[in-house]
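Everything on this sheet refers to the single structure shown next.
From a predicted model like this one, the values you see are computed outputs, not experimental measurements.
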Amino acid sequence: MKKALDEAYFAFEKGEVPVGAVIVMNNQIIARGHNLTEQLNDVTAHAEMQAFTAASNFLGGKYLQECTLYVTLEPCQMCAGASYWTQIGKIVYGASDMQRGYSKLKTLLHPKTKAISGVREDECSQILKDFFLSKRNNN
């Protein structure tokens with residue numbers, strides 16, 4: 001999760017909502033991503049989506065059954081749906097997203113995907129709070 005937090009800080013520095021993700025296979029990071037929605041002017045450029053694409057390119061295939069996604073914020077409905085199609089083995093996330101998180105919206109993960117929440121939750125929540133506070137203070 002520390003490496004996913006590093007990605008979130010990269011996003012923060014770019015003025016993006018600070019969400020970071022890494023995908024691990026066999027104890028090796030095979031993909032990284034952070035939000036790029038502002039930079040790419042693309043509402044689908046979430047951290048998880050960036051990481052899914054990078055991991056698929058690295059592996060040469062679209063299925064990630066042997067992989068774990070570490071992400072600083074609970075995946076939204078779109079990212080949870082994409083994770084379903086990748087058949088990712090495990091999702092580990094930090095902060096819950098009470099408004100847009102997949103679990104609140106009743107979006108289902110792939111039946112074989114395991115999910116773990118609350119990992120480094122305080123740190124993952126704090127960077128988001130700091131970001132939105134800085135946005136309010138700059139307006």
Side-chain angles (χ1 to χ4, degrees):
M1 188 60 77
K2 171 67 174 107
K3 297 298 184 185
L5 276 162
D6 290 345
E7 290 294 320
Y9 282 105
F10 292 147
F12 189 110
E13 291 168 8
K14 294 177 179 180
E16 299 278 357
V17 175
V19 177
V22 296
I23 295 179
V24 174
M25 182 175 174
N26 298 327
N27 296 316
Q28 176 187 356
I29 294 174
I30 64 167
R32 300 171 188 270
H34 56 269
N35 273 0
L36 291 172
T37 59
E38 299 299 323
Q39 182 178 333
L40 298 178
N41 198 29
D42 178 356
V43 296
T44 68
H46 289 193
E48 301 95 322
M49 303 298 270
Q50 302 301 311
F52 291 149
T53 298
S56 294
N57 288 337
F58 178 85
L59 294 173
K62 60 186 177 180
Y63 297 117
L64 306 176
Q65 297 106 324
E66 304 301 317
C67 298
T68 299
L69 168 69
Y70 292 88
V71 62
T72 57
L73 181 64
E74 178 182 357
C76 70
Q77 188 171 8
M78 175 185 69
C79 294
S83 79
Y84 183 100
W85 296 111
T86 70
Q87 300 179 19
I88 196 148
K90 187 187 300 184
I91 297 173
V92 178
Y93 64 90
S96 294
D97 186 342
M98 301 309 242
Q99 294 178 336
R100 294 177 190 87
Y102 78 91
S103 62
K104 304 303 180 239
L105 297 169
K106 307 294 187 229
T107 301
L108 298 177
L109 301 177
H110 191 275
K112 293 183 180 177
T113 300
K114 294 180 176 86
I116 299 171
S117 63
V119 175
R120 297 183 84 157
E121 182 174 14
D122 291 342
E123 292 168 88
C124 294
S125 294
Q126 191 61 53
I127 188 174
L128 289 160
K129 290 174 187 171
D130 292 347
F131 176 79
F132 288 111
L133 183 61
S134 75
K135 290 293 184 191
R136 280 193 293 275
N137 290 337
N138 289 333
N139 290 334

Side-chain heavy atoms of Glu123 within contact of Lys2, under 4.5 Å: no
Student check: side-chain heavy atoms of Tyr93 and Tyr102 closer than 4.5 Å: yes
Any side-chain heavy-atom pair of Lys14 and Leu36 under 4.5 Å: yes
Side chains of Leu109 and Ser83 in contact at under 4.5 Å (non-hydrogen atoms): yes
Ile88 side chain reached by His110 side chain, heavy atoms, under 4.5 Å: no
Plane angle bin for Phe131 and Phe12 - parallel if under 30°, tilted between 30 and 60°, otherwise perpendicular: perpendicular
CD/Gln65: more than 12 non-hydrogen atoms of other groups inside 6.0 Å: yes
Closest non-hydrogen atom pair between Ala55 and Ile30, with its separation: CB-CD1, 3.9 Å
Spacing of CD belonging to Gln126 relative to CG belonging to Leu133, to within rounding of 0.5 Å: 9.0 Å
Donor-acceptor pair, side chain of Glu74 and main chain of Ser103, under 3.5 angstrom: yes
Any Met78 side-chain heavy atom under 4.5 Å of Val43 side chain: no
Between CD1 on residue Ile23 and CD1 on residue Ile91, distance to nearest 0.5 Å: 9.5 Å
Straight-line distance of His34 NE2 to Asp6 CG, nearest 0.5 Å: 11.5 Å
